[in-house]
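Here is the structure we will look at.
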Amino acid sequence: MKPRTQYSAKLAAATAIFCLAVQAMAQPAMPSQSQAPAYEAGWTQLQTRATGPDVPATTVALYYPTQATARTLAMGPFTLQVAPGGPAVAQLKGLILLSHGIGGSELAHSVLAQALARSGYLVAALRHPGDNWQDRSLIEQNPERYFEERPRQASRVIDALLADPAWKDRIARDAQGPRIGALGHSAGGYTVLALAGGQPDLSRVRQHCQTQAAADPIFCSVGRAAASQPAAPVAATALLRDERVRAVVAMAPTGVPFTPESLAAVKVPTRVYVAEQDRFLVPRFHAEWVASKLPEPNLRRVAHAGHYAFMDTPSIAIPSPDGDLAANPPGFDRAAFLQQAAAEITHFFDQQLR
């Protein structure tokens with residue numbers, strides 16, 4: 001989770017060119033049925049429809065398999081290797097919802113998204129309304145709604161894609177319905193765990209930061225507004241689970257808000273990644289704690305990794321409460337790790353969504 005500091009301002013300035021680049025990109029055309037399974041990552045942008053002040057439009061970056069030629073594309077501080085607007089293949093393995101961290105970007109996990117797309121998945125990386133590099137209104141003005149609204153935003157993106165004529169018939173289905181997974185980092189890890197059935201209780205955040213602020217200082221500083229709110233009634237958070245999501249990968253997730261009972265009841269296959277040198281979300285309170293409460297924990301420890309190990313390396317220095325987003329702890333090779341993680345995560349979804 002990242003507060004509105006120099007990080008948000010610098011990322012916003014650098015990423016402003018993103019909007020200009022998008023205008024030149026067309027919606028992918030319908031492909032032929034004769035394509036061989038040797039793909040590049042296509043890329044386009046989707047804008048969901050706003051239905052009221054409480055349900056704003058959502059910007060979604062779509063990564064998908066294509067046989068078009070990929071090229072290097074700089075978008076603000078991130079560099080993609082994609083075929084913008086390239087024709088999508090006729091059949092997709094499934095849909096993977098991708099959720100970024102607080103104050104983040106739909107472009108920040110493109111290495112992972114591109115790998116999943118090359119393997120045959122449609123990846124929908126949403127820009128969370130009210131919680132992104134451009135707009136922090138949700139956490140700043142409505143912190144009591146933050147932990148409920150984030151998973152609902154993700155579910156609305158799934159709704160939109162399953163209703164979209166360009167995509168709905170391409171997503172693989174079986175007797176259980178469309179094959180859908182979810183991948184998230186930090187607050188995005190919280191988001192996808194909530195889709196799997198994890199249930200938040202704001203009183204846990206408040207209690208944690210009253211007793212453990214010295215041991216988990218960045219989380220308690222960033223989450224101060226949410227920690228000051230009264231506990232949400234159980235009934236208000238009971239509908240966060242999205243039963244269409246059939247597998248989840250949570251990378252360095254925010255864990256404190258979840259009730260242990262709700263995590264113990266999660267039935268969705270889940271993999272949790274923990275960065276061993278994570279100072280932003282101290283593992284024993286977050287990723288490790290989440291994994292210990294799940295009925296079938298699948299914990300992957302990443303040696304020497306810091307909190308931002310799961311993000312693409314930005315091309316500029318971006319300050320954060322835990323240092324430069326582009327920096328790595330000594331002995332950690334982020335580029336090599338992301339390639340390895342991409343293969344692992346793809347294999348996980350292949351096994352769980354088949």
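All figures in this text were calculated on a predicted structure; none of them were measured in a lab.
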Distance in Å, [X] [atom1] paired with [Y] [atom2], rounded so as to fall on 0.5 Å steps:
X      : Y      : atom1 : atom2 : value
Leu193 : Leu240 : CG    : CG    : 12.0 Å
Leu95  : Leu161 : CG    : CG    : 5.5 Å
Leu299 : Arg271 : CG    : CZ    : 10.0 Å
Thr346 : Lys93  : OG1   : NZ    : 7.0 Å
Glu106 : Leu62  : CD    : CG    : 10.5 Å
Arg71  : Glu40  : CZ    : CD    : 13.0 Å

To check you understand the geometry: which heavy-atom pair defines the closest contact between [X] and [Y], and what is its length?
X      : Y      : answer
Asp131 : Gly103 : OD1-N, 2.8 Å
His185 : Phe310 : CD2-CD1, 3.7 Å
Gly198 : Val266 : N-CG2, 4.0 Å
Val282 : Ala215 : CG2-O, 3.3 Å
Ala57  : Pro129 : O-CG, 3.9 Å
Phe332 : Ala303 : CD1-O, 3.6 Å

Looking only at atom types and distance, does a side-chain atom of [X] sit under 3.5 Å from a main-chain N or O of [Y], one as donor and one as acceptor?
X      : Y      : result
Tyr121 : Asp350 : yes
Ser292 : Trp289 : yes
Arg179 : Arg246 : no
Arg279 : Ile218 : no
Asp324 : Ile318 : yes
Gln114 : Gln81  : yes
Ser262 : Gln199 : yes
Asn132 : Gly104 : no
Asp312 : Ser110 : yes
Thr191 : Ala187 : yes

Short N-O contact, Arg152 and Asp54, less than 4.0 angstrom: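 Not counted as a salt bridge, because no side-chain N and carboxylate O are separated by less than 4.0 Å.
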Distance-only side-chain donor-acceptor flag, Thr48 / Arg156, under 3.5 Å: no
Gln134 and Arg127: side chain donor to acceptor below 3.5 Å: yes
Partner of Tyr190 by ring-ring contact (aromatic ring centres under 6.0 Å, His included), out of Tyr146, Phe219, Phe147: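 That would be Phe147.
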With Tyr64, the ring-ring contact (aromatic ring centres under 6.0 Å, His included) member among Tyr39, Trp43, Trp167: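 Output: one option passes, namely Trp167.
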Criterion side chain to side chain contact (heavy atoms under 4.5 Å, CB included) on Ile102 and Ser186, from CA distance to verdict: CA-CA 8 Å; Ile102 194 169; Ser186 194; 5.7 Å; no
Look at the side-chain heavy atoms of Ile, Leu, Val, Met, Phe, Trp and Tyr, link any pair under 4.5 Å apart, and say whether [X] and [Y] land in one connected group.
X      : Y      : result
Leu73  : Leu98  : yes
Leu46  : Ile180 : yes
Leu162 : Val60  : yes

Could you check whether any side-chain heavy atom of [X] comes within less than 4.5 Å of a side-chain heavy atom of [Y], counting everything from C-beta outward?
X      : Y      : answer
Ser155 : Arg244 : yes
Asn298 : Pro269 : no
Pro283 : Glu276 : no

Worked check of salt bridge (charged side-chain N to carboxylate O under 4.0 Å, His left out) between Glu243 and Lys267: CA-CA 10 Å; Glu243 295 187 359; Lys267 298 297 189 285; over 6 Å; no
Residue that, paired with Val111, satisfies side chain to side chain contact (heavy atoms under 4.5 Å, CB included) out of Thr79, Leu80, Leu338, Thr313: Leu338
More than 12 heavy atoms from other groups under 6.0 Å of CD on Glu296: no
Phe349 and Ile345: CA distance, side-chain angles, deciding distance, side chain to side chain contact (heavy atoms under 4.5 Å, CB included) verdict: CA-CA 6 Å; Phe349 284 126; Ile345 290 168; 3.5 Å; yes
Worked check of side chain to side chain contact (heavy atoms under 4.5 Å, CB included) between Leu183 and Val192: CA-CA 6 Å; Leu183 170 67; Val192 300; 5.7 Å; no
Geometric class of the His286/His208 ring pair [parallel <30°, tilted 30-60°, perpendicular >60°]: perpendicular
Ring-ring centroid check His100 His109, cutoff 6.0 Å: no
